[in-house]
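All values below come from the heavy atoms of this structure, side chains included, with hydrogens, waters and symmetry mates left out.
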Amino acid sequence: MEVRRASTDAEIAGCFAVMAGLRPDLQEAGFVARVRELAETGYMLAYGLDDARVVVVAGFRMGDSLARGPFLYVDDLVTAPDLRSRGHGAAMLAWLREFARSRGCGRLHLDSGLQRVEAHRFYEREGMRRSAFHFFEPLHPGDTQA
C-alpha cells in the first residue's frame with residue numbers, strides 16, 4: 001500500500017467514500033471545500049492506495065502545547081469497511097508516526113468515540129495507550145456531536 005498526502009481537489013474528492021464511513025453526516029458536494037477550509041488551520045489529509053483504490057484515510061494536524069509539547073493529532077482515521085483487518089490501518093498509523101517524527105513531534109494523539117470498541121482494540125494492538133477522558137459541552141441547541 002502506498003500512502004500519499006491529498007493535495008489536489010481530485011485526490012481530496014477521492015477520499016470521500018472512505019471518510020463517509022466514519023463521518024456519515026458529511027455531504028459529498030461540500031467535502032472538498034470543507035477540507036480546503038480546514039487546511040487553512042493546519043488540517044491535512046492522507047490516503048492509502050491499494051491497486052489504485054483508496055482504502056484508508058486519515059485527517060490530521062500538527063500541534064504544540066505546554067502539556068504535550070509538539071505532537072501530531074489524528075482527527076480522522078478510517079479504513080474502507082470491506083477491507084478492514086488487512087493491515088491498511090496499521091500501515092497508515094506507521095506512516096503518521098514517521099510523518100510526526102520527521103517534523104519533530106514526540107507524540108501521536110487521537111480521540112476515539114466510546115462506542116468504537118473494535119477501533120480501541122486496534123489502537124491498543126498498535127501500541128497506543130489510553131490516557132484520558134475527552135469531555136465536551138454543546139454550545140448550540142441540538143448539537144450532539146462530540
Side-chain angles (χ1 to χ4, degrees), residues 1-28 31-32 34-139 143-146:
M1 184 186 81
E2 177 186 2
V3 177
R4 299 178 184 172
R5 287 230 349 246
S7 58
T8 69
D9 287 356
E11 288 172 323
I12 294 167
C15 295
F16 176 79
V18 175
M19 183 66 81
L22 178 66
R23 308 283 180 225
D25 292 339
L26 288 175
Q27 299 298 312
E28 188 169 10
F31 181 67
V32 172
R34 183 65 176 135
V35 170
R36 292 278 185 216
E37 182 181 308
L38 290 171
E40 293 177 14
T41 63
Y43 182 85
M44 293 171 261
L45 192 62
Y47 62 99
L49 285 173
D50 192 11
D51 290 330
R53 178 182 174 191
V54 175
V55 296
V56 61
V57 175
F60 61 99
R61 62 187 72 241
M62 310 301 290
D64 198 357
S65 70
L66 293 175
R68 297 176 174 171
F71 62 92
L72 183 143
Y73 181 80
V74 180
D75 291 82
D76 318 287
L77 177 58
V78 59
T79 299
D82 61 321
L83 297 172
R84 293 195 176 132
S85 299
R86 296 186 187 185
H88 302 306
M92 178 60 81
L93 267 179
W95 185 90
L96 290 164
R97 286 183 192 110
E98 184 52 37
F99 186 91
R101 284 185 192 108
S102 72
R103 285 153 180 79
C105 295
R107 295 183 179 181
L108 185 143
H109 287 267
L110 62 80
D111 290 331
S112 182
L114 295 173
Q115 76 283 6
R116 299 190 64 225
V117 176
E118 290 300 315
H120 304 163
R121 287 186 189 122
F122 165 73
Y123 297 135
E124 289 172 342
R125 275 194 317 270
E126 290 301 312
M128 299 188 83
R129 297 180 293 192
R130 294 179 192 216
S131 65
F133 286 102
H134 176 89
F135 295 90
F136 82 103
E137 176 183 359
L139 299 177
D143 180 6
T144 59
Q145 299 294 319

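- No side-chain donor-acceptor contact under 3.5 Å links R107 to the backbone of G69.
- Separating the CG atom in L38 from the CG atom in L45 is a distance of 10.0 Å, to the nearest 0.5 Å.
- Considering every non-hydrogen atom in both Y43 and G59, the closest pair reads OH-CA, 3.2 Å.
- Between R101 atom CZ and E98 atom CD the span is 6.0 Å, to the nearest 0.5 Å.
- Residues D9 and R36 have side chains in contact (heavy-atom distance under 4.5 Å, counting atoms from C-beta outward).
- Here the shortest heavy-atom pairing between F16 and Q27 reads CE1-C, 3.8 Å.
- Here the NE2 atom belonging to H109 is positioned 15.5 Å from the CZ atom belonging to F60, to the nearest 0.5 angstrom.
- When side chains are defined from C-beta on, T41 counts as touching R61, because their heavy atoms get closer than 4.5 Å.
- Residues L49 and V54 meet the side-chain proximity criterion, which asks for heavy atoms closer than 4.5 Å.
- Under 4.0 Å is where a charged nitrogen must lie from a carboxylate oxygen, and between R130 and E124 at least one such pair does.
- Surrounding CD of E28 are at most 12 heavy atoms belonging to other residues, nucleotides or ligands under 6.0 Å away.
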**Request:** Check step by step if side-chain contact (heavy atoms from CB on, under 4.5 Å) holds for Y47 and V18.
**Result:** CA-CA 9 Å; Y47 62 99; V18 175; over 6 Å; no

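- L110 is listed as a side-chain neighbour of M128, based on a closest heavy-atom distance under 4.5 Å.
- Between W95 and R5, the closest side-chain pair of non-hydrogen atoms falls below 4.5 Å.
- One finds the CZ atom of R103 at 9.0 Å from the CG atom of L72 (value rounded to the nearest 0.5 Å).
- Counting heavy atoms from C-beta on, the side chains of V57 and D76 never come closer than 4.5 Å.
- Here OH of Y73 is found 7.5 Å from CZ of R68. Values are rounded to the nearest 0.5 Å.
- Across all non-hydrogen atoms, the minimal contact from L83 to H88 is O-CD2, 3.5 Å.
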**Message:** As a quick check of understanding, evaluate side-chain contact (heavy atoms from CB on, under 4.5 Å) for R86 and D50, giving each step before the final call.
**Reply:** CA-CA 11 Å; R86 296 186 187 185; D50 192 11; over 6 Å; no

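- When side chains are defined from C-beta on, D75 does not count as touching M44, because their heavy atoms never get closer than 4.5 Å.
- Taking every heavy atom of both residues into account, A58 and L96 meet most closely at CB-CD1, 4.0 Å.
- Contact annotation: the side chain of V35 never approaches that of M19 to less than 4.5 Å [non-hydrogen atoms, C-beta and beyond].
- The CE atom of M92 sits 5.5 Å away from the CE atom of M1 when rounded to the nearest 0.5 Å.
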